[in-house]
Enquirer: 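The following block contains the structure, expressed as structure tokens.
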There are 2 protein chains.
Amino acid sequence: MDTTLAPLEALRQYFKQDYFPLTGEEEEALTRRFTERKVKRRAFLLQEGEVCRYASFVVAGCFRLYTVDKSGKEHNLLFAVENEWMTDLASFYAEQPSRVYIEALEPATVLQIRHDDLLDLFTHYHKFDRNFRILVERGYIDLQDRLLQSISTPAEERYQNFLTQYPHWARRLPNTQIASYLGITPEFLSKIRKDRVTKPGKA
Amino acid sequence: MDTTLAPLEALRQYFKQDYFPLTGEEEEALTRRFTERKVKRRAFLLQEGEVCRYASFVVAGCFRLYTVDKSGKEHNLLFAVENEWMTDLASFYAEQPSRVYIEALEPATVLQIRHDDLLDLFTHYHKFDRNFRILVERGYIDLQDRLLQSISTPAEERYQNFLTQYPHWARRLPNTQIASYLGITPEFLSKIRKDRVTKPGKA
DNA sequence: CGATGCCCTTAACCTAGCGTAAGAAATACC
DNA sequence: GGTATTTCTTACGCTAGGTTAAGGGCATCG
């Protein structure tokens, strides 16, 4: 087992499965620009005020992206586990200081590409412009859905939807984190979960 | 004054100002694929359940994109006026039934492109892949900001931010629509506005 | 293997923002 | 120009979800 090759292999597989397939040359150009990085549990990939210099592809472990509001409360916006991306796109693309934190919830390994290396990739290989267009489109769609729910759906139903939409996150994350994602307190989530068992005829 | 030419000219200007400049050929390819359409006040560009077949560039007038929740309440997600896009990206890209409505708040004129014509454009001209990647990136950034605010900022401050971030929308839209965008009732917005005048030392 | 955090739960009280109703002002449209 | 719709405002009771406090389970690390 070659541990240095394995992460890049995961990245190759990712593009092979979900996007316009890459030629050998494109694969080479892609993988050459990524750097592996290990992150401890509780460590930050990004902190508020920093510019997000890298787009990170998660190879192992688990992250959350969150804001801290004026009263000090944390709000999770996004999670990422294996084969998902974790980047503050706003900061990354605009090269502006970020308003969010990215923290590892478990010991993690990521593959990172610098902003200029990515632009470079776009300029030289048409297909990356396209694949990353699609990638952002998907992110946009998820985000719109999230906004829609957070605006127009009561907490209990948001929790239900979370369980069915993101079972791989739900299985893995502590309820504290899920509550923050749903925009409620852990106490209130606890109540919802109890009610769900008590009155199962709700479905 | 040639009224058929003017709208396309607006579209050309739009790409000239904000994106990678187009060659004459690209401009031609672009404008050839757009169709002008006039929409009456209160008319729908898209209704829930329909697939959003067109990406629409607003030449004149004003639109809102909104959902209706289970209890029948409407929630505005987005506005668009001249030189902005109004499309349900989720439905448009995935070619799935939409969950939202797009309604003209004023008599309007749009330029529309079909989904397959746009893909066509992507395949033949590298630059559109890129320009629309950037376009979606910007949309993503706005959306994330919106989500961030709706999650972590109290209504009064969201209103303030709305006024400074989107003065061109604020000037033009009835408070009812703005309230719905902010996620509050018109009655509550009314209260906020009164308080703002009464205690101006808040800033 | 003991202890120091986490994480989850329950319960009693509290408040921001909503629902409703209803009058006044402003706009749209014929 | 006049009638019909929206739109804006005020007021008051109400509810979803937050806050605070406190106890118990279970990991994890020395």
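The chains referred to below are lettered A, B, ... by the order of the sequence lines, with proteins before strands, and numbering in each begins at 1. Hydrogens, waters and symmetry mates play no part in the numbers below; they use all other heavy atoms, side chains included.
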Enquirer: Is the shortest side-chain N/O distance from B:R42 to OP1 or OP2 of C:dA28 below 4.0 Å?
Expert: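 No, because none of the side-chain N or O atoms of B:R42 sits under 4.0 Å from OP1 or OP2 of C:dA28.
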Enquirer: Does the ring center of B:Y101 lie less than 6.0 Å from the ring center of B:Y66?
Expert: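 Ring centres of B:Y66 and B:Y101 closer than 6.0 Å.
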Enquirer: Would you mind telling me which residue lines up with the more 5' stretch of DNA chain C, B:R158 or A:T176, judged by nearest nucleotide?
Expert: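 Its nearest nucleotide being more 5', the pick is A:T176.
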Enquirer: Please state how far atom CD in A:E187 lies from atom P in D:dT19, giving the value in whole angstrom units.
Expert: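 The answer, rounded to whole Å, is 9 Å.
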Enquirer: According to a strict under-4.0 Å criterion, is B:N175 in side-chain N/O contact with OP1 or OP2 of D:dT7?
Expert: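 Answer no for this pair, as no side-chain N or O of B:N175 is under 4.0 Å from OP1 or OP2.
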Enquirer: With the side chain of B:K194 defined as its heavy atoms from C-beta on, choose the nearest nucleotide among C:dA11, D:dT10, C:dG17.
Expert: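 The answer is D:dT10.
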Enquirer: Between C:dA28 and B:K40, is there an OP1 or OP2 to side-chain N/O distance shorter than 4.0 Å?
Expert: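 Looking at the OP1 and OP2 atoms of C:dA28, neither is under 4.0 Å from any side-chain N or O of B:K40.
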Enquirer: Take the protein atom CG of B:D69 and the nucleotide atom C1' of C:dC18, then report the distance between them rounded to whole Å.
Expert: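 Whole-Å distance recorded here is 13 Å.
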Enquirer: If only side-chain N and O atoms of B:K73 are considered, is one of them under 4.0 Å from the OP1 or OP2 phosphate oxygen of C:dG19?
Expert: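 Yes, because at least one side-chain N or O of B:K73 sits under 4.0 Å from OP1 or OP2 of C:dG19.
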Enquirer: Could you state the CD1-C1' distance from B:I151 to D:dG18, rounded to the nearest angstrom?
Expert: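 Taking atom C1' of D:dG18 as the reference, CD1 of B:I151 is at 16 Å.
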Enquirer: Rounded to the nearest Å, what distance is computed from the CG atom of residue B:D195 to the C1' atom of nucleotide C:dA16?
Expert: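 Atom-to-atom, B:D195 to C:dA16, this comes out as 13 Å.
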Enquirer: Answer with yes or no after comparing the ring centroid distance for A:F92 and A:H115 against a 6.0 Å cut-off, counting only values under it.
Expert: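 Yes, they do, as the ring centres are separated by less than 6.0 Å.
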Enquirer: Only one of B:F63, B:Y181, B:W85 forms a ring-ring contact (aromatic ring centres under 6.0 Å, His included) with B:F79, so which one is it?
Expert: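 When B:F63, B:Y181, B:W85 are each tested with B:F79, the ring-ring contact (aromatic ring centres under 6.0 Å, His included) holds only for B:Y181.
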Enquirer: Hey, is the side chain of A:R193 poking within less than 4.0 Å of OP1 or OP2 on C:dT9, counting only N and O atoms?
Expert: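 The answer is yes; a side-chain N or O of A:R193 sits under 4.0 Å from OP1 or OP2.
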Enquirer: Is the terminal nitrogen or CZ of A:R193 (NZ for Lys, CZ for Arg) located under 6.0 angstrom from the six-membered ring centre of A:Y159 and within 45° of that ring's axis?
Expert: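 Verdict for A:Y159: no cation-pi partner in A:R193.
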Enquirer: Rounded to whole angstrom units, what separation is found between the NZ atom of B:K191 and the C1' atom of C:dG17?
Expert: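 Computing the B:K191:NZ to C:dG17:C1' distance gives 8 Å.
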Enquirer: What is the separation between atom CD1 on B:I184 and atom C1' on C:dT15, rounded to the nearest whole Å?
Expert: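 From B:I184 CD1 to C:dT15 C1': 17 Å.
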Enquirer: Nearest-nucleotide wise, let me know which of B:L189 and B:R41 is further upstream toward the 5' end of DNA chain D.
Expert: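 Between the two, 5'-proximity favours B:R41.
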Enquirer: In this structure, how many angstroms lie between the C1' atom of D:dT7 and the CG atom of B:L173, rounded?
Expert: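 It works out to 13 Å between those atoms.
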Enquirer: What is the distance, to the nearest angstrom, from the CD atom on B:E106 to the C1' atom on C:dC29?
Expert: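 The distance from CD of B:E106 to C1' of C:dC29 comes to 16 Å, rounded to the nearest Å.
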Enquirer: If you pin B:P174 and A:T185 to their nearest nucleotides in DNA chain D, which one's is more 5'?
Expert: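 Checking each residue's closest nucleotide, the 5'-ward one belongs to B:P174.
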Enquirer: Determine whether the aromatic ring centres of residues B:Y19 and B:Y14 are separated by less than 6.0 angstrom.
Expert: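 Ring-ring flag for B:Y14/B:Y19: true, centres closer than 6.0 Å.
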Enquirer: OP1 or OP2 of D:dC8 less than 4.0 angstrom from a side-chain nitrogen or oxygen of B:S190, does that happen here?
Expert: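 It does not, given that no N or O in the side chain of B:S190 lies less than 4.0 Å from OP1 or OP2 of D:dC8.
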